[in-house]
Amino acid sequence: MKIPFNKPFLTGKETFYINDAVNSGKISGNGKYTKLCHSFFEKKYEFKKCFLTTSCTDALEMAAILLDIQPGDEVILPSFTFVSTANAFVLRGAKLVFADSSNQNPNIDASKIESLITKNTKVIVVVHYAGMACEMDEIMDIANQYNLFVVEDAAQAIDSFYKGKPLGSIGHLGAFSFHETKNITSGEGGMLTINDEKFIERAEIIWEKGTNRSAFFRGEINKYNWVDIGSSFLPSEVVSAFLYAQLECLDDLQKKRKKIWSKYFEAFNLNQNKTFELPYIPHYATNNAHMFYVNFKTVKERDELIQILKKNQILAVFHYIPLHSSPFYFNKHDRRILANCDRFSDCLVRLPLYNDLKKKEQSKIINIVNEL
Ligand SMILES: *Cc1c(COP(=O)(O)O)cnc(C)c1O
């Protein structure tokens, strides 16, 4: 019995909606299914406006363009994240200033942000790791005090909340991922959320290659033109139709994922002989069961577990190699030590978590971990 790390969840209706999109004759972007997805998200999560994109990477790139990042601007972000969080801003010439993770979970340590602010700081980017909220009140207060923008990398954070507010609806902008490793998927896909109205009009232009084509199609202008920079950020209707099928099942899917997550948590919580820490969920955060990880005391113990699981044909994985020690950014980083980030990178391991994970399979994983 081979247990993969992830299996994308399919509702069974994806090809039905794709067929409908294909048969309608409109398969480029911003058609019926793109609009259905937009209104689903805007209604359910109170985003002022959202734009489906071809990936979360693209949504972050749109965010960096919208915030008018210029060479020399500084962006404060966690080092413990995926490269896309950083690349979007580096592409516009920004300098990255990495903040350490908190002691209790891999999220940015809000109390470390203020000391990193200089006259060049323009944006704070937070990453809601494992779909668990960062300390947003504290971060928004700092941003307001210093006139900074906040971008939420909510790639992992669909259907998760901070003090009752949906993640991705708190910062000026938010970015979600529908990559096949995330809770809901269109294979590759993403979404930019806009919570500050002043960005909406320009976002639509950037989304449409820097043209005012959307306004043209609405009949607001009689010809469309090149009016700004932009790119091809919008997905085709084929992708949006796929995603729409997933949205219909979002609540059921979340229930199932949370059940699997809780089974891991309860099984390991019973184990008194603690060789590892369990995920820490702050009182202000919900858990959307995006991932289940445990955090060992040493890299040796962590790697040992991965090896034992591998011998049993179970794939567990770790991440991230910190961006501040990456081959690309190491020499540009200011040499500050980010101890919590390094510890999570060395000691954290993610266990298989997907909708089709069978009870028997999960029990096998739990037994192996508990015997360790
Ligand atoms: C998955 C992920 C991304 C990238 O998402 P894509 O849709 O694959 O571009 C960015 N940031 C974080 C934190 C992620 O987990």
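What you are looking at is a predicted structure, and each value in this text was computed from that prediction instead of being measured.
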NZ or CZ of K165 within 45° of Y162 ring axis and under 6.0 Å: no

Working for side-chain hydrogen bond (donor to acceptor under 3.5 Å, both in side chains), residues E152 and H128: CA-CA 7 Å; E152 297 177 72; H128 302 299; 2.7 Å; yes

Among R336, H333, K332, side chain to side chain contact (heavy atoms under 4.5 Å, CB included) partner for H324: H333

More than 12 heavy atoms of other groups within 6.0 Å of K311 NZ: no

Within 6.0 Å of CD in E304, more than 12 heavy atoms from elsewhere: yes

Side chain to side chain, S169 and Y45, heavy atoms closer than 4.5 Å: no

Salt bridge K13-E248, side-chain N to carboxylate O under 4.0 Å: yes

salt_bridge(R257, D159) N-O dist < 4.0 Å: no

NZ/NE/NH1/NH2 to OD/OE distance under 4.0 Å, K163 and D137: yes

Gap between atom OG of S102 and atom CG of D109 - 0.5 Å precision: 6.0 Å

Heavy-atom side-chain contact between I158 and I184 under 4.5 Å: yes

Within 6.0 angstrom of K310 NZ, more than 12 heavy atoms from elsewhere: no

Joint hydrophobic cluster, M191 plus L250, side-chain heavy atoms closer than 4.5 Å: yes

D73/K95 salt bridge by N-O under 4.0 Å criterion: no

Side chain to side chain contact (heavy atoms under 4.5 Å, CB included) between V294 and F296, worked out: CA-CA 7 Å; V294 297; F296 281 88; 3.8 Å; yes

Greater than 12 external heavy atoms within 6.0 Å of E197's CD: no

Donor on one side chain, acceptor on other, K35 and S240, under 3.5 Å: no

Within 6.0 angstrom of I27 CD1, more than 12 heavy atoms from elsewhere: no

Full working for side-chain hydrogen bond (donor to acceptor under 3.5 Å, both in side chains) between S236 and S28: CA-CA 5 Å; S236 91; S28 62; over 6 Å; no

Same apolar cluster (I L V M F W Y, side chains within < 4.5 Å links), F41/L192: no

Rounded distance (nearest 0.5 Å) linking atom OG of S262 with atom CG of N269: 11.0 Å

Inter-residue atom distance S325.OG - I337.CD1, 0.5 Å rounding: 11.5 Å

Separation of I206 CD1 from F199 CZ (nearest 0.5 Å): 9.5 Å

